[in-house]
Each structure stands twice: as structure tokens, then as C-alpha cells.
Amino acid sequence: MAIHEAPIGIVDSGLGGLTVLAALRRAMPEQDFLYLGDNAHAPYGVKSPEEVVALTRGAVETLFGRGCRLVLLACNTASALALRRLQRDWLPDAAPDRRVLGVFVPLIEAVSGHGWREAGQSARRLRAVFFATPATVASGAFSREAQRLAPGLSIVEQGCPGLVDALENGTDPAPFIRRAVAGALAQGSADVALLGCTHYPLAETNFRAALPPGLPILSQPDIVAHSLSAYLDRHPQFCGGAGRLECLTTGDPAQVEARAGALFGQAMAFGAA
Ligand code: DGL
């Protein structure tokens, strides 16, 4: 199916962004989306900042080239390493009328938001453990953004090496999650766990099993969908369509379709980017 109007572009290094895409489509069934998984270069979470910036810019260019005027980086690693640089150094000249958004701000707003005040948590410093890829953690970008937007929030960042590879390749994610949770808890107790990689909702039950019972877990798909929907209410020039979806990959479409089908329990068609 070719999309002729301006769909919203969604980018991830691979299949993780599909967790966000599913929530976006539930929240905005009338909207057209064009998904791009950069599977040929996944995972981003072990790459250098320069590599992630170049790959993210290439992916956004592909989506702009296919008519998108708004692109969501449904990838924390790209949001951490590339978003600000693309917004500041590239977009104003390359495509001043187009927008690129990330996934940090909605998560920070959700964790520092109203629900916690009701629970009486704002009286003290809320301590959140943020699970993410090694590159996201090394950048420190989430903590900087949280400090800017929600100074009452104390963030412990914990990398989960190997977890994205396990999820992309279909091997057992549990050992990687148990190691990461042990590393996080060794740094002290937490009030809430944040899944700061769009692949991790695919393993939320493993996080649940490894984390202390009752510890709230916030994951991004519904939070980001709610936030993007509010953004589109404020910027209606970026929305429209008839609920169409097209998925592209830089990898092998047949392999990506098979893996996406296994992860999401439904057939998904991918074309070559
Ligand atoms: N799903 C991505 C994220 O949110 C990318 C993970 C990776 O490619 O390492 O960070």
C-alpha cells in the first residue's frame, strides 16, 4: 500500500518501536503512520554517538523523502544521542517546516506528574531507576533532561547490555534483565522503574519477575501515544489520513516479518527501505 498523504514517521533501530506504534494506532486510529526499522544497523545501543547521529539522520531523511512531515524517534538511544543535535544543527536548514520528536519528555512528565502527587510522593525526592541501553546510559541525557524538567526526580541509570540483541534475535532475555536489576538495586532502593528502551516492553513480564514485588513499572508506549496525541491537538497541521500503515526496514524484509510476527503474534508486512 503506498501512502500519498503525509503519514507520521516512526523510527527505531529495529522492532522495539513497534511497541510504540501499536499504542499510537490504538490512540489515533484515523492517523496514517510510516514505520522504519533500521534493522540492518541494530542495535544502536552499543554504537558511538557519531554513528547513532548519522544513522538517525539517515532514517529521518528516508522518512522525509517519503513525505513525512513529523517524525517520532521511537528509540531512546536515538533520542539521547541524536535528537537535540538534529533539532539544533540539521533540521533548521535541512527541513525548517518539519519536526522531529523524541520519547524522553513524555516519560519524564509521566513519572513526575499528577499520579505521584496523589500518592503523596512529592513530599520527598522521588527515586526512579531508568533501565536503558549502554549508549543511552553513557550519554547521561535522560538524567539531564529529567533535571531540567523535574528537579525533584532523582534518577539512577542502569544499562542492560545484550538485552536488545536477545529481543531482536529471539533468545531468552531473562538473564540480561536479572543482571541489570541486580545492578540497579545495588545502587539503592527505588520508588518506580522506568523502561527506557522501546524494546523493553516486550520483556515487561521479565522485569516484573526480577524487580521487587509491587514496584511500579512505567513503560513508554501508552505514555508516548497520549503525549503525541496531545501534541497533534496543538499542531493539527501534522495529522491526517485514514488509519493506513506502511512498514519499512533497512534489513531483510522476510526475516523482519518473521521476527515481528513472532514477537507481536500477528502478521506484519515490511517493505525494503
Ligand atoms: N529501542 C531502542 C531504544 O529505545 C534501541 C535499542 C538499540 O538499538 O540498542 O533505545
Side-chain angles (χ1 to χ4, degrees), residues 9-24 35-60 71-86 100-108 110 129-143 145-146 155 157-171 173 176-177 180 193-204 206-207 217-225 227-228 247 249-251 256 259-260 263-264 273:
I10 310 293
V11 181
D12 182 46
S13 60
L15 299 171
L18 293 174
T19 62
V20 176
L21 177 70
L24 291 170
Y35 183 87
L36 174 58
D38 192 8
N39 300 78
H41 305 107
Y44 281 8
V46 293
K47 292 186 166 41
S48 72
E50 294 312 320
E51 286 174 298
V52 174
V53 170
L55 290 170
T56 305
R57 193 182 64 215
V60 173
V71 171
L72 173 70
L73 306 182
C75 174
N76 291 266
T77 311
S79 298
L81 276 63
L83 178 64
R84 291 285 174 234
R85 286 184 53 183
L86 296 185
V100 182
L101 304 175
V103 286
F104 278 0
V105 172
L107 185 59
I108 294 166
V129 55
F130 175 75
F131 292 101
T133 66
T136 298
V137 170
S139 77
F142 187 80
S143 293
E145 197 74 15
I155 305 287
E157 297 201 33
Q158 174 64 49
C160 306
L163 180 51
V164 167
D165 267 334
L167 292 168
E168 287 275 328
N169 301 331
T171 53
F176 302 99
I177 291 172
L194 310 179
L195 303 190
C197 170
T198 54
H199 284 73
Y200 297 175
L202 296 167
E204 191 162 333
N206 298 94
F207 276 99
I217 299 174
L218 291 195
S219 72
Q220 288 168 320
D222 288 323
I223 290 170
V224 170
S227 171
L228 187 66
C247 295
T249 176
T250 57
V256 171
R259 191 65 202 124
L263 279 172
F264 291 89

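Atoms within each ligand, like the ligands themselves, are counted from 1 in listed order.
- Ligand-side atoms of ligand 1 in range of Asn76: 3 (C), 4 (O), 10 (O), range being under 4.0 angstrom from any heavy atom.
- Ranking the protein heavy atoms by distance from atom 1 (N) of ligand 1 puts His199 ND1, 2.7 Å first.
- Panel note: side chain Arg57, backbone Ala82; no donor-acceptor pair is recorded below 3.5 Å.
- Every atom of ligand 1 with a heavy atom of Tyr44 under 4.0 Å away is listed here by number and element: 7 (C), 8 (O), 9 (O).
- Of all the listed residues (Asp12, Asp38, Leu202), Asp12 holds the heavy atom that lies closest to atom 2 (C) of ligand 1.
- Ligand 1 is never approached by Gly14 to a heavy-atom distance shorter than 4.0 Å.
- Contacts between Thr133 and ligand 1 below 4.0 angstrom, taking non-hydrogen atoms only, involve the side chain exclusively.
- Set against the non-hydrogen atoms of Cys75, the atoms of ligand 1 under 4.0 Å away are 2 (C), 3 (C), 4 (O), 5 (C), 10 (O).
- Checking side-chain atoms of Thr198 against main-chain N and O of Ala74 turns up a donor-acceptor pair under 3.5 Å.
- Among protein heavy atoms, atom 10 (O) of ligand 1 sits closest to Thr77 OG1, 2.7 Å.
- Using a distance-only test at 3.5 Å, with no hydrogens or angles considered, a donor-acceptor pair links the side chain of Glu168 to the main chain of Leu15.
- Distance from atom 9 (O) of ligand 1 to its nearest protein heavy atom, with residue and atom name: Gly45 N, 2.7 Å.
- Leu24 and Ala225 make their closest contact through CD2-CA, 3.6 Å (heavy atoms, listed as atom of the first residue, atom of the second, distance).
- Minimum heavy-atom separation, Phe130 to Gly196: CE1-CA, 3.5 Å.
- In terms of modelled atom types and a separation under 3.5 Å, the side chain of Glu204 and the main chain of Ser219 share no donor-acceptor contact.
- Panel note: side chain Tyr44, backbone Ala78; no donor-acceptor pair is recorded below 3.5 Å.
- The protein heavy-atom contact nearest to atom 5 (C) of ligand 1 is Ser13 OG, 3.3 Å.
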